[in-house]
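The structure under discussion appears below in the form of structure tokens.
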Amino acid sequence: MKRLLFIAATALMLCAACSKDSIDTNYDKLILGNWMEFNASNTDDNYILTFKSDQKMGRVDAVYTPRTGYTWHQYAEFDYAVQDSLLSINGTDEYGNVFRETIQINSIAGDIANVKILLFTVNGITDPKEQGRTLLLERAPDKTSDLVGTWSGKQPGASAIEYYYDFKADNTMVYYEKNGSTWDIYKYESYHPYGEFIAWLWKETNDPSAPNVYRGYQMKQSFSKTQITCTRRILGTVTEEFIMTRAEAKDLPAVQ
């Protein structure tokens, strides 16, 4: 009987050890990709963190602007390093602000990362709203393959201006907007769709005064092969919804 108990106890210990060893803590690989704060849709604090294999990290912040009623997205790229469960982020944004952040990775399970911000400083000054926070990040898949192609629609409201978006596979985008009997055309150098919350971002090629400012929509969206339904906040809690329908390149206006 004692021998059986000993065998059973040994088996339990081995099982527990196997269970512990099966937890993947290879965080330098697990962290790669796009991450968004969990359930952060429709707030002023949305952001996407993109960790790349070359130890570069991109951060996109959604900032609500009451003056214009639109959401502005700013992009910055920093260096990062992973040492065991500690993630260090350092860099300077386009305005010269120096950021330093240390994050404790508690766990990454599937598409959810549980992390705690141990240090968060801007120009050497601690940000008390960020430092000490424990938060959940949700993996935000790249939606480029769903978005590539031509889409048509009308702007919400009384104007109902017709437009086309032509999202190209090389991440450039062309926007067509009807102006009376003619069409205006705007070329953008890049767009980046993330997850289910931010549809895309683009940077204007004709805006040299703010070369790193990305402009876009803060949206919740639903994709199908033929339609995208988008909802964006424009003033406080006021939202507007519009629908884009899949079109073909031959439908695009001929613009001289």
Side-chain angles (χ1 to χ4, degrees), residues 23-64 71-94 97 99-122 127 129-147 171 190-203 212-214 216-223 230 232-233:
I23 298 173
D24 191 351
T25 57
N26 193 14
Y27 293 132
D28 59 332
K29 299 293 190 299
L30 293 174
I31 199 69
L32 297 177
N34 306 314
W35 296 87
M36 183 174 186
E37 186 169 357
F38 192 56
N39 282 336
S41 62
N42 252 355
T43 75
D44 293 340
D45 300 320
N46 282 3
Y47 56 84
I48 291 283
L49 305 177
T50 300
F51 294 94
K52 306 172 187 177
S53 57
D54 62 356
Q55 304 298 297
K56 296 292 184 181
M57 185 213 78
R59 177 177 172 124
V60 178
D61 289 277
V63 181
Y64 179 63
T71 303
W72 291 69
H73 301 264
Q74 301 179 32
Y75 181 84
E77 188 170 80
F78 305 111
D79 297 317
Y80 82 91
V82 178
Q83 175 98 35
D84 296 325
S85 62
L86 287 181
L87 168 64
S88 301
I89 300 171
N90 300 283
T92 305
D93 69 7
E94 65 271 25
N97 297 309
F99 287 80
R100 188 176 300 277
E101 189 170 2
T102 302
I103 296 174
Q104 171 73 48
I105 304 175
N106 296 324
S107 66
I108 298 179
D111 291 334
I112 302 296
N114 182 303
V115 303
K116 182 175 182 178
I117 301 174
L118 303 180
L119 172 72
F120 192 101
T121 66
V122 182
D127 185 341
K129 292 189 298 183
E130 292 291 331
Q131 187 162 303
R133 280 209 307 151
T134 297
L135 59 149
L136 296 177
L137 301 177
E138 182 178 31
R139 194 179 295 278
D142 191 321
K143 292 288 186 176
T144 302
S145 60
D146 295 322
L147 196 59
N171 273 110
S190 65
Y191 67 91
H192 305 279
Y194 296 111
E196 297 297 331
F197 297 101
I198 300 177
W200 59 79
L201 305 171
W202 59 83
K203 186 164 73 169
N212 291 320
V213 174
Y214 282 65
Y217 299 123
Q218 182 177 343
M219 300 181 181
K220 232 178 176 179
Q221 63 195 354
S222 61
F223 273 112
C230 304
R232 71 175 178 181
R233 184 173 56 136

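Source: prediction; values computed, not measured.
- Taking both residues in full, the closest heavy atoms of L119 and Q131 are given as CA-OE1, 3.4 Å, listed atom of the first, atom of the second, then distance.
- Note that CD1 of I31 and OG1 of T50 are 11.0 Å apart. Values are rounded to the nearest 0.5 Å.
- Just one of V122, I117, D127, L87 meets the side-chain contact (heavy atoms from CB on, under 4.5 Å) condition when paired with E101; it is I117.
- With rounding to the nearest 0.5 Å, the separation of CZ in R59 from CH2 in W35 is 15.5 Å.
- Not a single side chain to side chain donor-acceptor pair (under 3.5 Å) links Q55 to another residue, sequence neighbours left out.
- Scanning all heavy atoms of the two residues, the minimum distance from F51 to L49 falls at CE1-CB, 3.8 Å.
- For Y80 against I89, the heavy-atom pair with the smallest separation is CB-CG1, 4.2 Å.
- Atom CZ of R100 sits in a sparse spot, with 12 or fewer heavy atoms from other residues, nucleotides or ligands closer than 6.0 Å.
- Checking each of I103, D28, L32 against V82 for a side-chain contact (heavy atoms from CB on, under 4.5 Å) leaves exactly one that passes, namely D28.
- In this structure, the side chain to side chain contact (heavy atoms under 4.5 Å, CB included) partners of D79, at least two apart in sequence or on a different chain, are K56.
- A donor-acceptor pair under 3.5 Å is absent between the side-chain atoms of Y27 and the main chain of Q83, judged by distance alone.
- In this structure, the separation between CE on M36 and CG on L136 is 13.5 Å, given to the nearest 0.5 Å.
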Would you mind writing out the side-chain donor-acceptor pairs for residues 104-115 within the sub-3.5 Å range, not counting sequence neighbours?
from, atom 1, to, atom 2, distance (Å)
Q104, NE2, S85, OG, 2.7
N106, ND2, N114, OD1, 2.7
D111, OD1, R139, NE, 3.4

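- Rounded to the nearest 0.5 Å, atoms NZ (K116) and CZ (R133) are 12.5 Å apart.
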